Structure formats: structure tokens, C-alpha cells
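A quick write-up on the structure given underneath.
The figures that follow rest on heavy atoms only: side chains count, while hydrogens, waters and symmetry mates do not. All ligand and atom numbering here is 1-based and tracks the order in the structure. For clarity, every value in this text was computed on a predicted model and none was experimentally measured.
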Amino acid sequence: MQKVLVVDKNKQPLMPTTPARARQLLRNGKAAVLRRYPFTIILKNREGGETQPVACKVDPGSRTTGIVLVADCKRGQRVIWAAELTHRGQQIRDALLSRRQIRRSRRNRNCRYRPARFDNRRRPEGWLPPSLRSRINNVSTWLKRLQWFCPITGIRLELVRFDTQLMQNSDVSGVEYQQGELWGYEVREYLLEKWGRKCAYCGAENVPLEIEHIVPKSRDGSNRISNLAIACHPCNVAKGNQTAGEFGHPEIQGKAKQPLKDTAAINATRWALWRELIATGLPVEVGTGGRTKYNRVRQNYPKAHWIDAACVGESGETVFIPATMCPLLIRAAGRQSRQMCRMDRFGFPRTKPKQNRRRFGFQTGDLVKAAVPNGKNAGAHIGRVAVRASGSFRAGAVDGINWQYCQLLCRSDGYEYPGAASFR
Ligand SMILES: [Zn+2]
């Protein structure tokens, strides 16, 4: 189970507690619910208390980022809270593209328009595309939130996919015999990245891939990283004792000689995130993707973003994950629409420009529980609310609910919680 986050009466973070203890405190009136996501209780007459070190571990991914909190226990480290944060990179890219197209079409149609900007302005140092920037902002937002409710003393981050320092020493002797070693994992991650995670010969994806010698070992091929490629099992077997050239792929030999050029570009987002986390003032430890995978496989944990996060770095070597642990699902949802007013199908304004975003104490995106006593919508509905000035709201999929039947569960905070409907 996830532990429940706890703060004292001055909202200073205390050690997280078990759900059973939290229920007891709530029942006895000694605590109240402060926030549902992440679930946090506030103790009514406690001030201060002892805390142990808690580390926040992050595995940044392009689509989903795993975040876990770990605390020391008898067996090493123990996961006490976990979450999977889904980003909205593609959505942002699409929105910017559509804005650009709308502006361009107005210029062509001879309408009133915003002039095109030319390449006469410099981008600030460390600029990232908005879709990547949003990923970094999501992670640092959640780290900040967790810091309010939990005494975090350190951060551990998977900074790079593989250790480029280790790759410099290019002779990889006996990779096959070292599959279980950390070294082998770093080599594998490097090769997977270099060959685009697909078979170098037939381009097969999502199949088990093997490390393969371009010039076979039986013909004096070396174990250097420049002589290694990634192949699917059928290709590896079919190639057998041939070189890549004899096998009908002379281009492979040339490509293998080139070092992986854009390692920096691949890792740009992660480095930007690292700088952001350093700015929090907490000690930041870093690990590599090879190390994460090594730790996860050695401890027989299944593949999941939050489990990868738990296995990050040297401290991930022995980490205890309770079998009943399931992560909080978080989906970045954005806050408001940028558009000033809605349009009809001809592109003319359909509504008045944006006005007061709050209606009757509710705001579009708030999570509400609506208990309708009678009528065609009678019953209880839980979902995100869409507000109207008329007071007739939509809650989840149900339209036409009077605002007076709605009860606020959680304010709109830019994120959705897909598991929310099951919440009592
Ligand atoms: Zn193949």
C-alpha cells in the first residue's frame, strides 16, 4: 500500500504513515484530510516531530515519468509512495502547429493577421521546445508538491541512458560472458540507442534483440564497440559466419564506426531537468539507464516506470517494493484554453470573450461529487466539472446538473487522476 502523507498543524511535513493509522486518526477526529492527490492528512494538535531521511527518485521518460519516495528500512530501502506521471508533449506540439497554421491561413486569405516573425531574435540560453519544457515543469511541479507534504532529504535521478565515460574505453571483452554484469547493461543500452532499438539488418522492432559481431569472432572480429551491432535472432542466425558486407549489408560496417553523435541531444531534456533539480538545493544523485535495468533485472521486478524509478542509481541495488504497492496515476491535463472565445464551424466567434473562470465557487476542471436527488440524472456522479454561468454544470459525462448538488472533492491543479472515479 501507498503510505499516507502527513503534515502537522503548521503544515510542516512529518513522516508518512500507514493507511490504517491514518484511518484511525481521522476516525478519532485527531486529523483531517488536507488534500486528496497526493492523499495527505493534517494533524490537528501536533507540532513538529521526528523525521527520517526520505529520498525522491525519478526516472524521466518521454511519455511517462516514474516518481517514488523511498525511506530507509531494515532491509535497505523501502518504497513508501509511488506515482506515474503521464506528460502531454504531443498535445502541446499539435496545439502549436495548429496555431501556426491558423495564422498562416489568415495571411493568405488577406485577413487581419499577425505578421510572420523572422529569424531575427535569439533564443535564450538553455531554450527547449515547449513540449520538452512542459515535461520538465511537470516533474519539478510534482517534486515541489511532495516537498510540502513529505520531509524529502535528497533526490536521485536517472540522468543518462548509458555511461559515456565507460564507452570511451571501447574494448568490451567478453560481452556475452558478462551479461549479468553492470558493464554488459551499459553496452546494451548504448547499442540499442545507436541502432534505434531495432534489428540493424531487417529493421524488426519489438522483438528480442541480440548483441552481434559485425566481423564474426571466428574470423578475428574484435569485441570493440565499433564491431558490435544489434540484430534479431533470425538475422543473427542467418548471418552466421559472414561479415555484414557478405550478408548484403555493407553500410552497417560504416555506420558502426561512427560514434553516437547526438548523445547530448538525446539527453538534453534530462540535463535541463537535472539543472532544475539542483536549484532546489537538495543533494541530487545521478545514475544511468544501464544501472537501472541491471538493478531491476537482478531483483526480478517487472518493467514499469515507477519500478524503474525505484531502481535508479547505486542505492537501487537493494530496494524493497511491497507487493501491494500500486502507483498513483497522474495525467498532465493543462489548465485553461489559450483561445479567447469559442468559434463556430465558419471560424466566427460563437461566445463572448473569456470572463470569470469561477462560477458559484467552482471552476472547470475541479473534481466534484454530484448527488442528484431526483429527475433524469438522479444518482451520484463523480468527475471533472465543466461550469456554466447559468449554473447548469456538467460533471463527468452527465450534463445538466444544478451547481447546488455538487460537492468539491479536489480543486483543478492542472492534472487528472485516472483512478479518481473509484475514490470513495
Ligand atoms: Zn533482423
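More than 12 heavy atoms of other shown residues, nucleotides or ligands fall within 6.0 angstrom of atom NZ in Lys354.
Glu212 and Asn236 are not linked by any side-chain donor-acceptor pair at a separation below 3.5 angstrom, with hydrogens and angles left out of the test.
Residues Tyr417 and Leu329 fail the side-chain proximity criterion, which asks for heavy atoms closer than 4.5 Å.
Only protein N, O or S atoms were considered, and those under 2.8 Å from the Zn ion (ligand 1) are Cys199 SG, Cys202 SG, Cys232 SG, Cys235 SG.
Side chain of Glu205 to backbone of Arg197: no donor-acceptor contact under 3.5 angstrom is found. Judged purely by atom type and a 3.5 angstrom limit, Gln253 has no side-chain atom pairing as donor or acceptor with the backbone of Pro250. A donor-acceptor pair under 3.5 Å links the side-chain atoms of Thr364 to the main chain of Val387, judged by distance alone.
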